[in-house]
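Take a look at the structure set out below.
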Amino acid sequence: MNNPNDIDVIDLLLAQHGQIKSALELVQASAGTEKQERFDDLVRLLAVHESAEEEVVHPASRRHSVSDEVVDSRLHEEEQAKRTLVELHALGVGSPEFDTKFRAFAADVIEHSELEEKEEFGQLLTHASPDERQRLAKVVRFAETFAPTRPHPGVGESATANLLVGPPLAVFDRMRDAIRDWRRQSGNA
């Protein structure tokens, strides 16, 4: 069996894209409390994943011949996704508008991931050495441990903004997550 530390950043991100697609489907297939829990899980997964991409993957893509226009488009899509997640959260999973807005959001997220795979991952595969891609995977994992677990639109979509603001937001987000989970488990929701 392969050592998990030997994983390539492309394989890591493709696996995460698969997890995100599955999570989107689970939200759409759920109802009630289960739907809320699955939506919360999706929000956390997306917030952590996108923060790490903004801090690590997009800057690496720029260094490896991906045009600024392509990377800027992906960053813009990620900022829009954060705003939509906040809107969906405000609506609540029980809102009559939630499912329609969520379906459009899910389609946008899938399109975004496919564009990353097509326009960025191929360049990284071609121009970054296997050792560098393994190092990038380690850095992505590390960045994810300090990433916020909720979207914070307007905070910034640059690596520098995420590095400055991300860790304090992550602490607050993770505290809120722990309290929310405790309340659910103890029936104090």
Side-chain angles (χ1 to χ4, degrees), residues 4 7 10-55 57 73-118 120-121 140-141 143-157 162 165-189:
I7 192 167
I10 304 301
D11 293 334
L12 175 64
L13 296 172
L14 288 172
Q16 290 180 352
H17 284 181
Q19 291 172 331
I20 290 166
K21 288 174 186 173
S22 294
L24 290 164
E25 292 169 4
L26 288 172
V27 171
Q28 291 178 3
S30 302
T33 303
E34 181 183 10
K35 185 174 201 159
Q36 183 63 56
E37 290 172 5
R38 291 181 183 220
F39 178 68
D40 291 342
D41 291 344
L42 172 67
V43 168
R44 180 184 180 101
L45 181 62
L46 281 171
V48 168
H49 173 80
E50 295 302 341
S51 290
E53 281 189 340
E54 290 166 6
E55 291 173 18
V57 179
S73 292
R74 298 301 77 78
L75 289 168
H76 175 74
E77 292 160 5
E78 290 165 3
E79 182 65 19
Q80 185 56 48
K82 291 176 192 177
R83 292 183 191 288
T84 303
L85 276 174
V86 169
E87 291 169 12
L88 285 164
H89 185 268
L91 277 175
V93 297
S95 167
E97 299 97 45
F98 182 89
D99 288 337
T100 301
K101 189 167 189 72
F102 187 84
R103 273 192 300 280
F105 169 76
D108 290 344
V109 168
I110 290 168
E111 179 182 15
H112 168 81
S113 67
E114 289 171 350
L115 287 169
E116 282 180 337
E117 292 166 13
K118 177 183 172 192
E120 288 187 66
F121 295 3
V140 164
R141 285 188 178 130
E144 289 174 341
T145 64
F146 293 99
T149 62
R150 289 178 167 63
H152 297 279
V155 168
E157 53 196 41
N162 276 325
V165 182
L169 288 174
V171 170
F172 293 120
D173 287 351
R174 290 168 199 267
M175 285 173 38
R176 280 179 59 186
D177 293 345
I179 292 167
R180 180 198 66 218
D181 293 346
W182 170 79
R183 286 183 175 161
R184 279 187 184 151
Q185 290 172 355
S186 65
N188 295 327

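- Scanning both residues, Leu42 and Ile20, for their nearest heavy atoms gives CD1-O, 4.2 Å.
- Once rounded to the nearest 0.5 Å, the distance linking NZ of Lys82 with OG of Ser51 reads 5.5 Å.
- Side chains of Gln16 and Glu144: a donor on one and an acceptor on the other come within 3.5 Å.
- At a threshold of 4.0 Å, the pair Arg83-Glu79 counts as salt-bridged, since one of the basic side-chain nitrogens sits closer than that to a carboxylate oxygen.
- Between Arg103 and Asp99 there is a side-chain heavy-atom pair separated by less than 4.5 Å.
- In this structure the side chain of Leu13 reaches within 4.5 angstrom of the side chain of Glu53, judged on heavy atoms.
- The pair Lys118-Glu114 does not count as a salt bridge, with every side-chain nitrogen at least 4.0 angstrom from each carboxylate oxygen.
- Classified by interplanar angle (parallel below 30°, tilted 30° to 60°, perpendicular above 60°), the ring pair His17/Phe121 is parallel.
- Using bins of under 30°, 30° to 60° and over 60° for the plane-to-plane angle, the ring pair Phe102/Phe39 lands in the perpendicular bin.
- Environment of NZ in Lys21: crowded, with over 12 heavy atoms of neighbouring residues, nucleotides or ligands closer than 6.0 Å.
- In this structure, His89 and Leu85 have side chains that are not in contact, with every pair of non-hydrogen atoms separated by 4.5 Å or more.
- With hydrogens and angles disregarded, no donor-acceptor distance shorter than 3.5 Å links the side chain of Thr100 to the backbone of Glu97.
- Counted by atom type alone, Glu116 and His112 present one or more donor-acceptor pairs between their side chains at under 3.5 Å.
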Stepwise salt bridge (Lys or Arg N to Asp or Glu O under 4.0 Å) check, Glu120 with Arg74:
CA-CA 10 Å; Glu120 288 187 66; Arg74 298 301 77 78; 5.3 Å; no
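- The line from CD of Gln36 to CG of Asp40 is 4.5 Å long, rounded to the nearest 0.5 Å.
- Scanning both residues, Lys35 and Phe98, for their nearest heavy atoms gives CE-CE2, 3.8 Å.
- Counting only heavy atoms from C-beta outward, the side chains of Asp108 and Gln80 never approach each other to under 4.5 Å.
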